[in-house]
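Below, read A as the first sequence line, B as the second, and so on, with proteins coming before strands; counting in each chain starts at 1. Just so it is clear, the values below take in all heavy atoms, side chains as well, and ignore hydrogens, waters and symmetry mates.
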2 protein chains.
Amino acid sequence: MSKASRIVEQLRRQILDGDRAPGTRLGQESLAAEFTASRMPIREALRALEAEGLVTIKAHSGAWVSALHQEEFEQCYKLREVVEPMVIGESVPLLSGAQIDQIGELADLIDNTGGAADLRSFLRLDREFHLLSYAGATYPFLTDLVTRLWNMTQPYRRELVRFMPAESFQATCAEHHLIVDALRSRDIDAAQTLVRLHIRRTRITLSRYGEVLWS
Amino acid sequence: MSKASRIVEQLRRQILDGDRAPGTRLGQESLAAEFTASRMPIREALRALEAEGLVTIKAHSGAWVSALHQEEFEQCYKLREVVEPMVIGESVPLLSGAQIDQIGELADLIDNTGGAADLRSFLRLDREFHLLSYAGATYPFLTDLVTRLWNMTQPYRRELVRFMPAESFQATCAEHHLIVDALRSRDIDAAQTLVRLHIRRTRITLSRYGEVLWS
DNA sequence: GATCAGGAGATTGTATCCAATCATCAGGAT
DNA sequence: ATCCTGATGATTGGATACAATCTCCTGATC
């Protein structure tokens, strides 16, 4: 595996984990020093992350961790409301029983995080829960798009979930279990509707606290 | 504008125009000689085109113009059947009257190409017709996806359209004009249905000749 | 005859160096 | 006081040189 691709993975991990906040400058020289490499693999890594939407590059100027305006953030969620039901519809008939069991276990684990109480675990498990439920889907383009949308919004989700009230967290957990039930009974329609409503409710809940974050 | 981005545009154009067929090797050294540049901007360009799906890179091995199997080609069309109705639904209410007129003119121009008779013009205009009809859509991610799907399938469309019988070409033209009518009357539902059927019929028509191409 | 090991050649990946471009700030004119 | 202008410093873009890796051919072995 090349040095550039290792740097891509590490940088992506750092951005998603919140170690590098949106708007942070990514200077080639300083990154080269950090990763003990030359600027060349750094440049390739930044280009790759730009293609993923995680990094924004301005010619002859520099690279920054991509930042979203509130409208862009909400547009990502609105797009997810349309695309993810489509993807889970493809996925439901093709998921294995073992996969569905695993998704159910993730739902249980999420219950125990308490949402904002264990933010890091919640974000990681919630992401895993949803993306695994799409594992059966056959359209690589759409699953890539979904992953991109999750990645791009992750830093903001981290900040916004802090404000999420307990009742909203409980709703999230309940919806997760309903989704698992729909998967178990292979009910495509129910799964699609639940996913759409789940994302929609989350968007509306989060947008209430967006004013604080973006103002 | 950087040298790399100029190379991206030229290479993309060459691939879409059929000057570089799928499976063709893209050696860094030879490309550097062609474009009178060093290998460095070439690498950046290849990475960018890889992100667009037009180029496939294998580590330590090389880059090739992306090739699709028949199943992948048809999967692109099936995905278009789902995504493009969504996009045109977003687009219809936001297209300007001037844009719709322009789309109508494109439909007329396509009639005059005679399909396989003037293949180059047909491909260019057909592409322009559809992509312009999506110009009102507000989701950049989805329009990017649609453009990617068009680009990736273009080399194969070029080959397959050669076999397209006259009746199929006439059907295509008729459907185009029906779509224009739907745009003019701002009929979202009609536009979505027509686009879906248009893509579906094209896929079925083309797949009939795929055996020849891929066997 | 088929398969696998090994080495030569070619090609990609990385480091270093130089050139081009942009941001910043001082200085002067309006 | 504000805006424009120009020089300086920092940073990215590109070229060249070297290292790492793969491919393919050769030849030996089963």
Mutual orientation of the aromatic rings belonging to A:H130 and A:W150 [parallel < 30°, tilted 30-60°, perpendicular > 60°]: tilted

Rounded to 10°, tell me the angle between the two end axes of the helix from C:dG1-D:dC30 to C:dT30-D:dA1, each built from five pairs.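 Axis-to-axis angle, ends of the helix: 30°.
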
Any salt bridge linking A:E84 with A:R200? Criterion: basic side-chain nitrogen under 4.0 Å from a carboxylate oxygen. no

For DNA chain C, which residues of residues 31-57 of chain B approach it to below 4.0 angstrom with any heavy atom?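 Heavy-atom cutoff 4.0 Å gives B:R39, B:M40, B:R43.
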
Where is the tightest heavy-atom contact between A:Y134 and A:T143, given as atom of each residue plus distance? O-CG2, 4.2 Å

Return the minimal non-hydrogen interatomic distance between A:G23 and A:A67, and the atom names on each side. N-CB, 4.3 Å

With sequence neighbours excluded, tell me which residues meet side chain to side chain donor-acceptor pair (under 3.5 Å) with [X].
X: A:S121; answer: A:D118
X: A:R124; answer: none
X: A:R162; answer: A:E159

Side chain to side chain contact (heavy atoms under 4.5 Å, CB included) involving B:T36 - partner list, sequence neighbours excluded: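 Testing B:T36 for side chain to side chain contact (heavy atoms under 4.5 Å, CB included), a comparison that skips the adjacent residues, returns none.
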
Apply side chain to side chain contact (heavy atoms under 4.5 Å, CB included) to A:D111 and list each qualifying residue two or more places apart in sequence or on a separate chain.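 Applying side chain to side chain contact (heavy atoms under 4.5 Å, CB included) to A:D111 gives A:D108, A:C173, A:H177.
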
Under 4.0 Å protein heavy-atom contacts per nucleotide of nucleotides 5-11 of chain C, with B for base, S for backbone only and - for none: ------S

Would you mind classifying the nucleic acid contact of B:A63 as base, sugar-phosphate or nothing, using non-hydrogen atoms under 4.0 angstrom?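 Result for B:A63 = nothing.
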
Can you pull the ring-ring contact (aromatic ring centres under 6.0 Å, His included) pairs that have at least one residue in residues 59-112 of chain A, sequence neighbours excluded? A:F73-A:Y77, A:F73-A:W214

Taking only side-chain N and O atoms of A:K3, does any of them lie within less than 4.0 angstrom of OP1 or OP2 on C:dA15?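 Affirmative; the distance criterion is met.
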
Distance from B:N151 atom CG to B:L131 atom CG, nearest 0.5 Å?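 The CG atom of B:L131 is 8.0 Å from CG of B:N151, to the nearest 0.5 Å.
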
Hits for salt bridge (charged side-chain N to carboxylate O under 4.0 Å, His left out) against A:R13, two or more places apart or cross-chain, chain-then-number order -> A:D17

For residues 45-52 of chain B, which side-chain donor-acceptor pairs fall under 3.5 Å, sequence neighbours excluded?
{"residue": "B:R47", "atom": "NH1", "partner": "A:E44", "partner atom": "OE1", "Å": "3.0"}
{"residue": "B:E52", "atom": "OE1", "partner": "B:R12", "partner atom": "NE", "Å": "2.9"}
{"residue": "B:E52", "atom": "OE2", "partner": "B:R12", "partner atom": "NH2", "Å": "2.7"}

Using chain B heavy atoms and a threshold of under 4.0 Å, write down where along DNA chain D the contacts begin and end, 5' to 3'.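 First-to-last contact on DNA chain D, by the 4.0 Å heavy-atom rule, is D:dG14 to D:dT23.
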
Most 5' of A:K58 and A:S5 on DNA chain C, judged by nearest nucleotide: A:S5

